[in-house]
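Encoded as structure tokens, the structure appears first; notes follow it.
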Amino acid sequence: MNPLSLLAHLGRVVLTALAALGRLSLFAVSTLTHMLRPPFYPREFFSALLNVGWLSLPVVGLTAVFTGGALALQIYSGGARFNAEAVVPQIVAIGIVRELGPVLVGLMIAARVTSSIAAEIATMKVTEQIDALVTLSTHPMKYLVAPRVAAALITVPLLVAVGDIIGIAGGYVVATQNLGFNPAAYIKNTVDFLELKDVISSLVKGCAFGGIAATMGCYYGMQSGRGAQGVGAATKSSVEAAAILILAANFVLTGVFFSL
């Protein structure tokens with residue numbers, strides 16, 4: 001391949017990426033405007049709250065408790081090399097609240113909720129149910145997209161808060177039962193070490209990750225191709241995009257909150 005062909009290929013890739021980013025940005029702006037303007041659909045909203053929030057609690061809780069316990073073991077094992085085993089409560093708390101809690105909850109939501117939303121909306125498109133909504137003078141963005149994104153923006157920060165608590169509790173159980181830490185001292189060290197900024201950053205990340213997860217599911221569902229293959233491709237692409245954007249957003253928000 002000569003240099004001009006390589007440059008042309010690179011240019012096509014960049015233009016395709018920019019066009020996709022533009023379409024996604026316009027979709028996100030349209031979603032926001034539909035969330036703020038009537039009419040509203042409370043039934044769809046509360047159904048999304050149940051799906052995104054309540055039904056995600058088991059997977060979030062199990063992920064958090066095992067992560068907290070494993071983190072306590074790893075920190076104790078690593079700290080023993082430097083005679084720093086006593087820092088387990090502090091590092092578990094800051095690791096869960098600042099990073100692992102929000103990120104793992106976001107990725108679990110991407111795996112569970114984003115795929116569900118994308119498959120549901122893509123199936124509706126394939127079976128022409130979205131066209132039926134239009135014929136009934138119901139805007140698909142307002143009926144399908146806005147309630148799901150709004151529910152995710154509200155419930156995912158709450159899931160992150162629950163995941164943080166359960167993750168710290170998992171570390172507490174392992175540290176006090178297996179590693180010989182005093183329960184009262186462990187709790188005191190955890191509470192004293194955490195700052196308000198840590199908690200706020202965790203909740204803000206949860207809100208951002210929830211918005212990303214729901215938006216990606218809706219976007220790729222609405223862009224789905226025809227047939228079962230189109231539904232499968234939309235579901236796969238939505239989860240991939242949501243996971244990548246969640247990790248990228250985590251990096252950006254960590255820099256915003258904790259850059260020196």
Side-chain angles (χ1 to χ4, degrees), residues 19-60 105-160 206-246 249:
L21 180 60
R23 289 192 296 269
L24 179 58
S25 300
L26 291 174
F27 184 87
V29 171
S30 177
T31 299
L32 181 60
T33 58
H34 284 293
M35 286 171 52
L36 299 176
R37 295 181 305 178
F40 303 109
Y41 297 93
R43 183 175 180 179
E44 289 296 311
F45 173 70
F46 287 111
S47 176
L49 280 180
L50 178 66
N51 181 44
V52 177
W54 179 253
L55 297 180
S56 297
L57 273 176
V59 67
V60 167
V105 169
L107 293 177
M108 290 299 104
I109 293 299
R112 183 187 176 278
V113 175
T114 303
S115 59
S116 172
I117 291 174
E120 181 181 2
I121 294 179
T123 302
M124 292 181 69
K125 181 177 180 182
V126 168
T127 56
E128 299 182 348
Q129 295 180 56
I130 293 179
D131 295 333
L133 287 175
V134 175
T135 62
L136 295 173
S137 300
T138 301
H139 201 297
M141 290 289 293
K142 186 169 289 293
Y143 186 79
L144 296 176
V145 177
R148 287 165 172 79
V149 175
L153 289 172
I154 293 172
T155 55
V156 175
L158 299 178
L159 288 173
V160 168
C207 185
F209 298 165
I212 289 171
T215 301
M216 291 300 102
C218 294
Y219 175 75
Y220 281 96
M222 298 288 280
Q223 301 294 321
S224 169
R226 296 293 181 180
Q229 187 175 6
V231 174
T235 304
K236 180 188 70 173
S237 298
S238 68
V239 175
E240 292 173 347
I244 292 171
L245 288 177
I246 284 171

Anything under 3.5 Å between a donor and an acceptor, one on a side chain of residues 238-246, the other on a protein residue two or more places apart or in another chain? List them.
{"unit_1": "Ser238", "atom_1": "OG", "unit_2": "Ala234", "atom_2": "O", "d": "3.3"}
{"unit_1": "Ser238", "atom_1": "OG", "unit_2": "Thr235", "atom_2": "O", "d": "2.7"}

| Contact check, side chains of Ile121 and Ile130, non-hydrogen atoms, under 4.5 Å |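 Sidechains of Ile130 and Ile121: in contact.
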
| message | Is there a side-chain contact between Asn51 and Arg112 in this structure, where contact means two heavy atoms from C-beta onward sitting under 4.5 Å apart? | response |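 Result yes, sub-4.5 Å side-chain heavy-atom pair found.
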
If you look at every heavy atom in [X] and [Y], which pair is closest and at what distance?
X	Y	answer
Met124	Leu133	CE-CD1, 4.4 Å
Ala48	Ala151	CB-CB, 3.6 Å
His139	Met141	ND1-N, 3.1 Å

| Listed partners of Met35 passing side chain to side chain contact (heavy atoms under 4.5 Å, CB included), at least two apart |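 So Met35 forms a side chain to side chain contact (heavy atoms under 4.5 Å, CB included) with Thr31, Ala146, Val149, Ala150, Leu153.
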
| task | Sort and list the pairs that fulfil salt bridge (charged side-chain N to carboxylate O under 4.0 Å, His left out) and have at least one residue in residues 140-150, not counting sequence neighbours. | result |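 As it turns out, the salt bridge (charged side-chain N to carboxylate O under 4.0 Å, His left out) pairs with a partner in residues 140-150, which skip direct neighbours, are Glu44-Arg148, Glu120-Arg148.
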
| Is there any salt bridge (charged side-chain N to carboxylate O under 4.0 Å, His left out) pair reaching into residues 24-37, and which pairs are they, with sequence neighbours excluded? |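 Counting only pairs at least two positions apart or across chains, no salt bridge (charged side-chain N to carboxylate O under 4.0 Å, His left out) contact touches residues 24-37.
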
| field | Partners meeting ring-ring contact (aromatic ring centres under 6.0 Å, His included) with Tyr143 (sequence neighbours left out) | value |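 If we apply the ring-ring contact (aromatic ring centres under 6.0 Å, His included) test to Tyr143, skipping adjacent residues, the hits are Tyr41.
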
| Could you go step by step and tell me if Thr155 and Trp54 meet the side-chain contact (heavy atoms from CB on, under 4.5 Å) rule? | CA-CA 9 Å; Thr155 55; Trp54 179 253; over 6 Å; no

Donor-acceptor pair, distance only, cut-off 3.5 Å: does the side chain of [X] make one with the backbone of [Y]?
X	Y	answer
Ser25	Leu21	yes
Thr123	Ala119	yes
Ser30	Leu26	no

Can I get a per-line list of side-chain donor-acceptor pairs under 3.5 Å for residues 206-232, giving both atom names and the distance, sequence neighbours left out?
{"unit_1": "Thr215", "atom_1": "OG1", "unit_2": "Gly211", "atom_2": "O", "d": "2.6"}
{"unit_1": "Ser224", "atom_1": "OG", "unit_2": "Gly230", "atom_2": "O", "d": "3.3"}
{"unit_1": "Arg226", "atom_1": "NH1", "unit_2": "Lys125", "atom_2": "O", "d": "3.1"}

| field | Worked check of side-chain contact (heavy atoms from CB on, under 4.5 Å) between Ile117 and Val113 | value | CA-CA 6 Å; Ile117 291 174; Val113 175; 3.6 Å; yes

